[in-house]
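For reference, the structure discussed in these notes is given below.
In the text below, chain A, chain B and the rest are named by the order of the sequence lines, each starting its count at 1.
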Number of protein chains: 2
Amino acid sequence: MDPHLLRTFVAVAEARSFSAAAERLGYTQSAVSQQIAALETDLGLPLLRRRPVEPTEAGTRLLEHAGPLLLRLRAARADVLRTAALPAHRLTLAAAPLALNPVLSARLARGRGEQPRLRVRLRTTDRDQVAAQVAAGEADLGLTDGITAPSDPLRLPDSGPMTRIGVSEEELVVALPPDHPLAGRTGLRLADLVDARWLATPLCPLERLRDLAGDGFRAGLDHQGEDVHTVRNLVAAGHGLTLLPASAGPGVPLVAPRLVHRVELLHPSLPPGPAAHLAAALSPPPS
Amino acid sequence: MDPHLLRTFVAVAEARSFSAAAERLGYTQSAVSQQIAALETDLGLPLLRRRPVEPTEAGTRLLEHAGPLLLRLRAARADVLRTAALPAHRLTLAAAPLALNPVLSARLARGRGEQPRLRVRLRTTDRDQVAAQVAAGEADLGLTDGITAPSDPLRLPDSGPMTRIGVSEEELVVALPPDHPLAGRTGLRLADLVDARWLATPLCPLERLRDLAGDGFRAGLDHQGEDVHTVRNLVAAGHGLTLLPASAGPGVPLVAPRLVHRVELLHPSLPPGPAAHLAAALSPPPS
DNA sequence: GAGGGTCCATCAGTGTTGCTTATATCAGGT
DNA sequence: ACCTGATATAAGCAACACTGATGGACCCTC
């Protein structure tokens, strides 16, 4: 169960081809073949069916483990190396599209103002990438978001130990097309909208809504990207409803159940330095 | 970052000695020395101080990662191998001391009654070992417990993906010595007890209480074991208070905040078979 | 302060591993 | 049946990771 072999196995399974994986990894096809054979011998069972290449039952199980495992390995390495890194003058902040709302933008501005020498690179990525990037050391700080009950933590993919601080909670609104019969309301209940058509988008996953408010929530259009602007255009064109934080645009406030758009700051254990300072600036001021 | 090296590193750090670790692992001292050197070269920084042997800052960080990482590696292997295992006639159930309460004992009895051929081995272990044993395949099913708000999941150490089902929630009582002035009450509020002396025991960690009910909860006696019988004796002798599930003995019901003793069933993804059957038997009957 | 003991680092030697290149084998399409 | 695009196997070689022996640092003792 050498991580080296695991990495190769993942590559083969993804590419559905030994030769393609070999090229991608910079090996010969023969090496890949031997590596897979070694894994299979070690575990004592076949992991891949050949021609076409696809994972067996056991291989599927291993694939589920391999990703997180390799991620944690990278996280461990990044964490160790960070202890030796000099306090840098530049750092990277990874943020999900809806995470950097006006409040946090303002705090970020203030934090940067206090450290004029610090160069900040902001990288907007998909929500589930934020934690992984922070864990792997590709970003120094991360901001993710999601929909939860007030003061409940977000559900994040497991990426190893890291500090999580809730930094913002905001009212949710139901985004509706302007001519929608409910658009004039002053408040809406989620239960009244289970039968409406909803946008299926990572920004507001229907699965999460079903968790929180029961079954229903038929998918209208299935939207894969995490671009807020596009989503709002889709809503306006009547493709379906969605929930957005109030600051992301007009909509009818969601009054029940009590749900909020929560933003969390993620970072590995930080030595004192610019990163820690910026993290403090992004955190809510102690009341 | 070969797991092999990681394992050696952990052994050395634990033994605080290269030679002792070498003996324990079945290597020569020279091999261990080279392995550590390889790790340090790879990461580019010293992980251990020598004479006496103790982890550096970076080494400490790596140690925190190494344990979970190796555990997950074992979990992955166990999970893959399980796909090939024939349905066994014997299985191991790991349970924390307070997890197998009367309700669950009864369900276990019923489950066993339905599968007379099945030999069940019950292993009572420390609470934080249960998840690890299930993940590593040393136990087929696990029962852990803890104190939470009703229907909130437990906080478990990360041991990789596994199924978690809440199987029992029970009222909590404050265990008091019989002659305690509050012993006659019909209900107690946790807030009224922050200034009392509490037993510090893994069965009811004071840290958790502070999380749930604010600061306070001074430690009286610090008890390391997880033996319920002993704890009750300590309480009776006036060493301090503690919370127990109602079924674990007499006490004054805790009325606020709303907290419960929750038991969760842990298992890896189970193929249909005796283990899955027993898991179903332990789960609460669908209402 | 010299000597012995303990412990880790280093070196040389050796068996094993894990790659590359070359070739065999297999499944499917024509 | 043959060709094609694919994976498996064989042989060779370089790098690696052990063992055993030796060297050097520290500690304890006398």
(message) Quick check on side chain to side chain contact (heavy atoms under 4.5 Å, CB included): which of B:Leu143, B:Leu156, B:Ile165 does B:Leu266 satisfy it with?
(response) B:Leu156
(message) At a heavy-atom distance below 4.0 Å, which nucleotide of DNA chain C is the first touched by chain A, and which is the last?
(response) C:dC19 to C:dA27
(request) Calculate the interatomic distance between B:Glu23 atom CD and D:dG20 atom P; express it in whole Å. (result) 14 Å
(message) Using only modelled atom types and a 3.5 angstrom limit, is any donor from either the side chain of B:Ser30 or the base of D:dG20 paired with an acceptor on the other?
(response) yes
(request) Take the angle between the ring planes of B:His4 and B:Tyr27 and call it parallel below 30°, perpendicular above 60°, tilted in between. (result) tilted
(message) Using whole Å, what does the distance between atom P of nucleotide D:dT19 and atom OH of B:Tyr27 come to?
(response) 8 Å
(request) Within residues 32-46 of chain B, find the residues that approach DNA chain D with a heavy atom at under 4.0 Å, and present them sorted by residue number. (result) B:Gln34, B:Gln35
(request) Step by step, work out the salt bridge (Lys or Arg N to Asp or Glu O under 4.0 Å) result for B:Asp2 and B:Arg7. (result) CA-CA 9 Å; B:Asp2 185 337; B:Arg7 198 173 72 103; over 6 Å; no
(request) Identify the heavy atoms of B:Asp79 and B:Ser269 that sit nearest to each other, and give their distance. (result) OD1-OG, 4.0 Å
(request) Please state how far atom CZ in B:Phe18 lies from atom P in D:dA25, giving the value in whole angstrom units. (result) 17 Å
(message) Any side-chain to backbone donor/acceptor pair from A:Arg82 onto A:Gly137? Under 3.5 Å, distance only.
(response) no
(request) Figure out the CD/P separation between B:Gln29 and D:dG23, and round it to whole Å. (result) 15 Å
(message) Can you confirm whether more than 12 heavy atoms, excluding those of A:Gln29, are under 6.0 Å from its CD atom?
(response) yes
(request) Spell out, as yes or no, whether a donor-acceptor pair under 3.5 Å connects the side chain of A:Arg74 to the backbone of A:Ala135. (result) no
(message) Applying side chain to side chain contact (heavy atoms under 4.5 Å, CB included), can you list everything that pairs with B:Asp128, at least two apart in sequence or on another chain?
(response) B:Asp126
(request) Please confirm whether the backbone N or O of A:Thr92 pairs with a side-chain atom of A:Asp140, one donor and one acceptor, at under 3.5 Å? (result) yes
(message) Rounded to whole Å, how long is the line connecting atom CZ of A:Arg49 with atom P of D:dA8?
(response) 14 Å
(request) Round to a whole Å and report the spacing from CZ of B:Arg7 to P of D:dC18. (result) 11 Å
(request) Go through D:dC18, D:dT19, D:dT7 for me and flag the one nearest to the A:Ser19 side chain. (result) D:dT7
(request) Using whole Å, report how far CG of A:Leu47 lies from P of D:dA8. (result) 12 Å
